[in-house]
Undergrad: 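Handing you a structure now.
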Amino acid sequence: MRIAGAAKLVVVVAIFLLTFYVISQVFEIKMDANLGHIFARSALDAAAHSTKPPRYKCGISKACPEKHFAFKMASGAANVVGPKICVEDNVLMSGVKNNVGRGINVALVNGKTGEPLDTKFFDMWGGDVAPFIDFLKSIQDGTIVLMGTYDDGATKLNEEARKLIAELGSTSITNLGFRDNWVFCGGKGIKTKSPFEQHIKNNKDTNKYEGWPEVVEMEGCIPQKQD
């Protein structure tokens, strides 16, 4: 009887140990699987963050070198959406800011610091060109000048106004016509023609909108004025 009881006890203990072993193994497998899943997700998240494209100032396609100011601008779309001008991640003019209007929209920026100086628009359809000419003459040397058309920016332009804009570095201003789309970035006192200019003629055969060409956009890096 004692031998039989001892045998039963050994069997019970053996079953208990076997059960404990099996349970511990299953638990470890699940833990390994969970940890593996967590690490895999962490690796995927890290990869996703590392492949996310960087954002540069004003949303331009690449970073500007040192001592340059990032800018991006667009002309108006027909007579519906106003132009937009951004410099150093600062939106200077846009329909959202409610500081754009029909004609030529102008933003002035300090050529040394990149700080905004002034924003104005001049109606070149129903307005007077004289205030625009006075404004152009008042611009100080070393000032960055950004311009964009909205609706019509040419009808009231005369030879004097076009000459003053050409002296800022524009080459297309002499050919700017009724409802053309045009964006330009130059500077007062510039010694050469500006590389920052886009111009699309108003042509009924190629216009994207009825009576107006497509929007023109431009981005780049403006060299900082050096003493």
Side-chain angles (χ1 to χ4, degrees), residues 53-78 81-122 124 132 135-136 138-151 153-154 157 161-162 164-176 180-200 213-227:
R55 184 194 177 279
Y56 303 113
K57 292 179 179 179
C58 291
I60 65 175
S61 57
K62 61 181 181 179
C64 287
E66 188 178 355
K67 296 183 179 180
H68 284 70
F69 302 125
F71 82 95
K72 187 172 184 178
M73 57 193 305
S75 69
V81 181
K84 184 176 181 180
I85 299 175
C86 176
V87 178
E88 283 292 282
D89 234 13
N90 185 7
V91 177
L92 306 182
M93 303 187 76
S94 72
V96 174
K97 292 179 72 71
N98 197 30
N99 64 345
V100 297
R102 181 175 65 183
I104 295 181
N105 294 259
V106 188
L108 303 182
V109 174
N110 188 304
K112 291 183 179 180
T113 65
E115 293 297 317
L117 299 175
D118 199 2
T119 59
K120 279 185 170 58
F121 62 88
F122 300 89
M124 293 293 101
F132 186 34
F135 177 79
L136 291 171
S138 72
I139 299 173
Q140 300 296 309
D141 279 356
T143 301
I144 298 167
V145 184
L146 303 101
M147 298 186 179
T149 55
Y150 181 26
D151 189 0
L157 279 181
R162 292 177 189 268
L164 289 168
I165 296 172
E167 290 174 355
L168 299 172
S170 172
T171 54
S172 298
I173 191 61
T174 55
N175 301 316
L176 189 68
D180 288 359
N181 272 342
W182 172 69
V183 288
F184 164 71
C185 176
K188 186 66 177 285
I190 190 172
K191 303 300 182 185
T192 60
K193 293 301 179 182
S194 171
F196 304 122
E197 189 168 27
Q198 296 291 331
H199 178 210
I200 297 183
E214 65 182 297
V215 172
V216 285
E217 296 181 303
M218 181 172 65
E219 66 176 53
C221 302
I222 310 165
Q224 182 182 17
K225 178 177 172 53
Q226 304 299 311
D227 294 327

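The figures that follow rest on heavy atoms only: side chains count, while hydrogens, waters and symmetry mates do not.
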Undergrad: Does the side chain of Asp180 reach to within under 4.5 Å of the side chain of Thr149, using non-hydrogen atoms?
TA: no

Undergrad: Flag the pair Ile173 / Phe184 as yes when at least one side-chain heavy-atom distance between them is below 4.5 Å, and no otherwise.
TA: no

Undergrad: At what distance, to the nearest 0.5 angstrom, does CG of Asn181 lie from CG of Leu176?
TA: 9.0 Å

Undergrad: Give the ring-plane orientation class for Phe196 versus Phe71, where under 30° counts as parallel, over 60° as perpendicular and anything between as tilted.
TA: perpendicular

Undergrad: Work out which heavy atom in Val100 is nearest to a heavy atom in Gly82; give both atom names and the distance.
TA: CG2-CA, 4.1 Å

Undergrad: Indicate yes or no: at least one non-hydrogen side-chain atom of Val183 is less than 4.5 angstrom from one of Met147.
TA: no

Undergrad: Among Val106, Ile190, Ile165, whose side chain to side chain contact (heavy atoms under 4.5 Å, CB included) with Val145 holds?
TA: Val106

Undergrad: Please tell me if the side chains of Tyr56 and Pro54 come closer than 4.5 Å, counting only heavy atoms from C-beta onward.
TA: yes

Undergrad: I need the Met73 CE to Leu146 CG distance, nearest 0.5 Å.
TA: 5.0 Å

Undergrad: With a 6.0 Å cut-off (strictly less than), is the heavy-atom count around CG of Asp141, excluding the residue itself, greater than 12?
TA: yes

Undergrad: Just verifying a value: how many Å separate Glu115 CD and Asn110 CG, rounded to the nearest 0.5 Å?
TA: 7.5 Å

Undergrad: Counting only N and O atoms by type, is there a donor-acceptor contact under 3.5 Å from the side chain of Glu167 to the main-chain atoms of Lys188?
TA: no

Undergrad: Do the non-hydrogen side-chain atoms of Phe121 and Asn99 ever get within less than 4.5 Å of each other?
TA: no

Undergrad: A side-chain contact here means heavy atoms from C-beta on lying under 4.5 Å apart; do Phe69 and Val109 qualify?
TA: no

Undergrad: Does a side-chain heavy-atom distance below 4.5 Å link Pro116 with Leu108?
TA: no

Undergrad: Give the minimum heavy-atom separation between Ile200 and Pro213, together with the two atoms involved.
TA: CG2-CB, 3.5 Å

Undergrad: Step by step, work out the side-chain contact (heavy atoms from CB on, under 4.5 Å) result for Phe132 and Met124.
TA: CA-CA 9 Å; Phe132 186 34; Met124 293 293 101; 4.1 Å; yes

Undergrad: Quick one: does any side-chain atom of Ser75 pair with a main-chain N or O of Val215 as donor and acceptor, under 3.5 Å?
TA: no

Undergrad: Looking only at non-hydrogen atoms, find the nearest pair between Glu219 and Ser61 and report the distance.
TA: OE2-OG, 2.7 Å

Undergrad: Taking side chain as C-beta onward, heavy atoms only, is Gln224 less than 4.5 Å from Gln226?
TA: yes

Undergrad: For the SG atom of Cys86 and the CG atom of Leu92, what is their distance to the nearest 0.5 Å?
TA: 7.0 Å

Undergrad: In Å, rounded to the nearest 0.5 Å, how long is the span from CG of Leu168 to CD1 of Ile144?
TA: 12.0 Å

Undergrad: How would you list all residue pairs meeting side-chain hydrogen bond (donor to acceptor under 3.5 Å, both in side chains) that involve residues 81-91, not counting sequence neighbours?
TA: Arg55-Asp89, Lys57-Glu88

Undergrad: Would you say NZ of Lys112 has more than 12 non-hydrogen atoms from neighbouring residues, nucleotides or ligands within 6.0 angstrom?
TA: no

Undergrad: Closest heavy-atom contact between Ala70 and Cys58?
TA: O-SG, 4.1 Å

Undergrad: How long is the span from the OG atom in Ser170 to the CG atom in Leu164, to the nearest 0.5 Å?
TA: 12.0 Å

Undergrad: Show the nearest heavy-atom pair for residues Cys64 and Gly220, with the distance to one decimal.
TA: SG-O, 3.9 Å

